[in-house]
Participant: 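Pasting a structure below so you can have a look.
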Amino acid sequence: MRHKKYLTMFLSFIFAFVSLYPINAMENIKDESNTSKDDKSKYMEFYKKSSNLIKENWNDNYFESIKLKVGKDYLTVDNSNKKIKLSSKVSVKDDTVILPVEEIVDLSGGKIHQKDEDIKINYFGNSVALEEGSDKIEVNKKVKKIEEDVEINNDNVMAPIDVLSKGLGYTYKYDKKNKEIELTSPYQTMRLIVKLKNNNSNLSKYNAKEIVKGPNNIVVLQFDSIENTKLACEEIQKDNIAIYVEPDYYISTEKTATLSPKNVSASYNSWGVKYIEAEKYASYLKKQNLNKSITVGVVDSGIDKKHSIFKNRIVNGGYDFIDSDKNPNDGNGHGTHVSGTIVDCTPNLNIKILPVRVLDDYGRGTSMGLANGVEYCVKNGVEVINISIELDTHVDYIHEIIGNAISDDVAVVISAGNNSNNTNNECPSDMYDPIVVSAINSYGNLCDFSNYGSTIDVAAPGEDVYSAYPGGGYTSLNGTSMAAPHISAVCAMYRLQNSKASIYQVEYLLWENTKDLGQSGWDEYYGYGVPHLSLAVPKKAPKKVEKVKSTQKSYNSIKLTWAKPSGAYGYQIYRSTSKNGKYTKIKNIYITRYIL
């Protein structure tokens, strides 16, 4: 059941309109942030210091995951299809995975030195000593036992997988059924994000080389080795001084682009605009002469400000968390493409982009940068935020910041992710309160790469989406990253017409004005379906609600019950003021979000 059939109200005469809150006199209630100048300056100081911390300690060898398979002599990095050759095949001995260590260490930025039977590995501040035939290793001069002896075959160092976990700080998952191994390095940034219970907690005992204190009891600790980072994380948890403590995770986004000429056969670029009927609703809104502006914060790789599609569509105040400046120029293309789709769906409307760069020219960044970018958008008064970035692990800091944004009545739209996986295994698409978007192709079928799950709200075009690209060009890209900005544009248009609509009312409208796909009603692949915005264009409304029944009366109130007219999204309430039939409007009623 997608909405309640009956509503109750303490009022007299009710008029319903079959349209999207059909109220002509609109007010923009989010013209500017409520953040004071002093408060904003404190946040900006934290953003600059934390961004500099990332920049000064950056390493180009960061990775999200390395995947291997037992019996195979290759690996893949960060979901790439490119196979990297190994010197030896991955094997299993007594249920312990044995790996050719040298190529993995070298690939992820470490150095390995071998002299006779002695092997030394240096990796992000960790110094690891191994010896052929030994089941012990030294990590920064601390002895640790491993599951099998180290072996050297034809100058290839073969070691049990726990050399990587105990010696280099990796984590691993071993799927015995499919014989697949996935390696990650959560502490590779050598940085922790801590949410303290008490801001006066003593942090000096954890031996961080640098500490940056932020607002709301957030503290960032930078270390000189993976081992010290991991130990500090464990000690902080043990000391129970933090609400949460976690690594600053590495994130990346992939792109495959071939530049194409601009499509001049239509007023829009991508097939997605027509598919969701965005141009019809935009045309209707344009005729309303709405005297307001809506800003969408795009937290991504920045934007090509000089691209013709963005003329008069970018607000001042964008920020670059990669270079710690006010010039979020896009050297990657992902952010420009996402922003281009938002503009493409909202032609000739006063809907603008606030670009926030949290990914570098190679599409790389960290979880702290992403969270700070989202918070920056909120502090600068946006009404909608688009996040087309995903991680393969839960991040408390990101959850907190997005939760705060929603509490501040900002509509947050998130891509579901591209791993053909359940959103419960991703972040931030594992969250229920934001609007999570899966991807469909032009046939209305779920894209084979799209994630799915209980958090999916709606689907949108995400395959072969044609949009802007740096350098003034256009290109087609695939991904739920491309689906999300369609929905951000829809939310922005809803808020353009209805400035007083809460994020829950916007989400309700999003659910209502959809074409159902997949199973009848909500499902974990398409959510409530794909937007069809002709449904949001007002139709002729009945003059008033019929069959109103009085169920309760008192000396100063009356309780009325009525059946909701089909398509009604809002009500205007009038009270009789005289015997000659004159009425005075006393209230606008907006349908709120319902628990389904």
Side-chain angles (χ1 to χ4, degrees), residues 50-68 75 77-78 84 99-114 118-130 137-144 146 150 157 159-173 181-194 203 206-212 220-237 245-252 322 360 362 364-369 391-393 395 397:
S50 57
S51 293
N52 285 333
L53 210 58
I54 295 172
K55 186 176 181 179
E56 291 166 2
N57 294 277
W58 184 265
N59 191 302
D60 285 335
N61 292 292
Y62 291 155
F63 67 92
E64 282 191 293
S65 68
I66 295 174
K67 294 182 180 179
L68 309 98
L75 58 79
V77 182
D78 292 350
I84 299 174
L99 301 169
V101 172
E102 186 167 353
E103 289 96 339
I104 298 173
V105 170
D106 185 64
L107 181 70
S108 53
K111 299 294 181 182
I112 188 166
H113 306 278
Q114 179 185 343
D118 295 326
I119 306 114
K120 288 186 178 180
I121 301 173
N122 293 312
Y123 178 72
F124 288 93
N126 277 22
S127 178
V128 184
L130 305 86
I137 61 174
E138 281 190 11
V139 183
N140 296 348
K141 298 184 178 181
K142 294 179 181 178
V143 177
K144 296 184 180 183
I146 53 178
V150 176
V157 179
I161 196 169
D162 60 340
V163 165
L164 299 180
S165 60
K166 294 179 179 179
L168 306 182
Y170 285 45
T171 60
Y172 67 88
K173 297 177 183 177
I181 303 105
E182 181 178 17
L183 302 172
T184 58
S185 184
Y187 298 100
Q188 61 190 324
T189 65
M190 298 185 287
R191 190 165 43 252
L192 297 177
I193 303 169
V194 186
L203 300 173
Y206 303 111
N207 298 316
K209 72 173 187 178
E210 193 167 350
I211 299 175
V212 173
V220 183
L221 306 178
Q222 184 71 49
F223 296 86
D224 56 8
S225 73
I226 284 181
E227 181 73 4
N228 288 343
T229 311
K230 184 179 179 181
L231 288 174
C233 187
E234 293 169 352
E235 288 177 12
I236 290 170
Q237 290 173 333
V245 54
E246 62 192 6
D248 182 16
Y249 293 99
Y250 168 73
I251 59 176
S252 69
I322 300 299
D360 69 9
Y362 299 94
R364 307 169 304 183
T366 75
S367 55
M368 179 170 65
L391 293 89
D392 294 335
T393 188
V395 183
Y397 188 39

Participant: Could you walk me through whether Ser367 and Asp248 satisfy the side-chain hydrogen bond (donor to acceptor under 3.5 Å, both in side chains) test, starting with their C-alpha distance in whole Å, then the side-chain angles of each, then the deciding distance to 0.1 Å, before giving a yes or no?
Facilitator: CA-CA 6 Å; Ser367 55; Asp248 182 16; 3.1 Å; yes
Participant: Distance only, no hydrogens: is a donor on one side chain within 3.5 Å (strictly under) of an acceptor on the other, for Asp224 and Asn228?
Facilitator: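 Side chains of Asp224 and Asn228: pair found under 3.5 Å.
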Participant: Partners of Tyr62 by side-chain hydrogen bond (donor to acceptor under 3.5 Å, both in side chains), sequence neighbours excluded?
Facilitator: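 Partners of Tyr62 by the side-chain hydrogen bond (donor to acceptor under 3.5 Å, both in side chains) criterion come out as none, since no residue qualifies.
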Participant: Is there side-chain contact between Ile54 and Arg191, with heavy atoms separated by less than 4.5 Å?
Facilitator: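 SC-SC contact between Ile54 and Arg191 confirmed.
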Participant: For Lys173, what residues pass the salt bridge (charged side-chain N to carboxylate O under 4.0 Å, His left out) criterion, not counting sequence neighbours?
Facilitator: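 With neighbours one apart ignored, the set is empty.
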Participant: Just jot down the ring pair (Phe, Tyr, Trp, His ring centres under 6.0 Å) partners of Tyr123, sequence neighbours excluded, or say none.
Facilitator: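 With sequence neighbours excluded, Tyr123 shows a ring pair (Phe, Tyr, Trp, His ring centres under 6.0 Å) to Tyr170, given in chain and number order.
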Participant: Who pairs with Glu102 by side-chain hydrogen bond (donor to acceptor under 3.5 Å, both in side chains), at least two apart in sequence or on another chain?
Facilitator: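 Glu102: no side-chain hydrogen bond (donor to acceptor under 3.5 Å, both in side chains) contacts found.
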Participant: Just grab all the salt bridge (charged side-chain N to carboxylate O under 4.0 Å, His left out) pairs involving residues 227-236, residues at least two apart or on different chains.
Facilitator: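 Residue pairs with at least one partner in residues 227-236: Lys144-Glu227.
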Participant: If every non-hydrogen atom of Pro186 is compared with every non-hydrogen atom of Pro247, which pair is closest and at what distance?
Facilitator: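 Taking every non-hydrogen atom into account, O-CB, 3.1 Å.
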Participant: Who are the side-chain contact (heavy atoms from CB on, under 4.5 Å) partners of Thr229, not counting sequence neighbours?
Facilitator: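 For Thr229 the side-chain contact (heavy atoms from CB on, under 4.5 Å) partners, ignoring immediate neighbours, are Tyr187, Met190, Leu192, Phe223.
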Participant: Search all heavy atoms of Ile226 against all heavy atoms of Ser185 and return the closest pair with its distance.
Facilitator: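 Between these two residues, the closest heavy atoms are CD1-OG, 4.1 Å.
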Participant: Nearest 0.5 Å please: distance from the CD1 atom of Ile181 over to the CG atom of Leu99.
Facilitator: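 Going from CD1 on Ile181 over to CG on Leu99, the span is 6.5 Å.
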Participant: Residues in side-chain hydrogen bond (donor to acceptor under 3.5 Å, both in side chains) with Asn207, at least two apart?
Facilitator: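 For Asn207, no residue satisfies side-chain hydrogen bond (donor to acceptor under 3.5 Å, both in side chains) once neighbours in sequence are set aside.
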Participant: At what distance, to the nearest 0.5 angstrom, does CG of Asp392 lie from CD1 of Ile251?
Facilitator: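 It is 11.0 Å, given to the nearest 0.5 Å.
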Participant: With sequence neighbours left out, what residues match Tyr206 under ring pair (Phe, Tyr, Trp, His ring centres under 6.0 Å)?
Facilitator: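 With sequence neighbours excluded, Tyr206 shows a ring pair (Phe, Tyr, Trp, His ring centres under 6.0 Å) to no residue whatsoever.
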Participant: Would you give the length of the straight line joining atom CG of Leu164 to atom OG1 of Thr171, rounded to the nearest 0.5 angstrom?
Facilitator: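 Leu164 CG to Thr171 OG1: 10.5 Å, rounded to 0.5 Å.
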Participant: Who passes side-chain hydrogen bond (donor to acceptor under 3.5 Å, both in side chains) against Ser165, sequence neighbours left out?
Facilitator: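 Partners of Ser165 under the side-chain hydrogen bond (donor to acceptor under 3.5 Å, both in side chains) test: none.
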Participant: Applying salt bridge (charged side-chain N to carboxylate O under 4.0 Å, His left out), name anything that partners Asp162, two or more places apart in sequence or on another chain.
Facilitator: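 In terms of salt bridge (charged side-chain N to carboxylate O under 4.0 Å, His left out), with neighbours along the sequence ignored, Asp162 is linked to Lys166.
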Participant: Under the side-chain contact (heavy atoms from CB on, under 4.5 Å) test, which residues partner Lys67, sequence neighbours left out?
Facilitator: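 For Lys67, the residues satisfying side-chain contact (heavy atoms from CB on, under 4.5 Å) (neighbours in sequence not counted) are Ser65, Thr76, Asn79, Glu182.
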Participant: According to ring pair (Phe, Tyr, Trp, His ring centres under 6.0 Å), who are the partners of Tyr172, at least two apart in sequence or on a separate chain?
Facilitator: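 Applying ring pair (Phe, Tyr, Trp, His ring centres under 6.0 Å) to Tyr172 gives none.
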Participant: Grab the two heavy atoms, one from Gly167 and one from Val128, that are nearest each other, plus how far apart they are.
Facilitator: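 Minimum heavy-atom contact is O-CG2, 3.2 Å.
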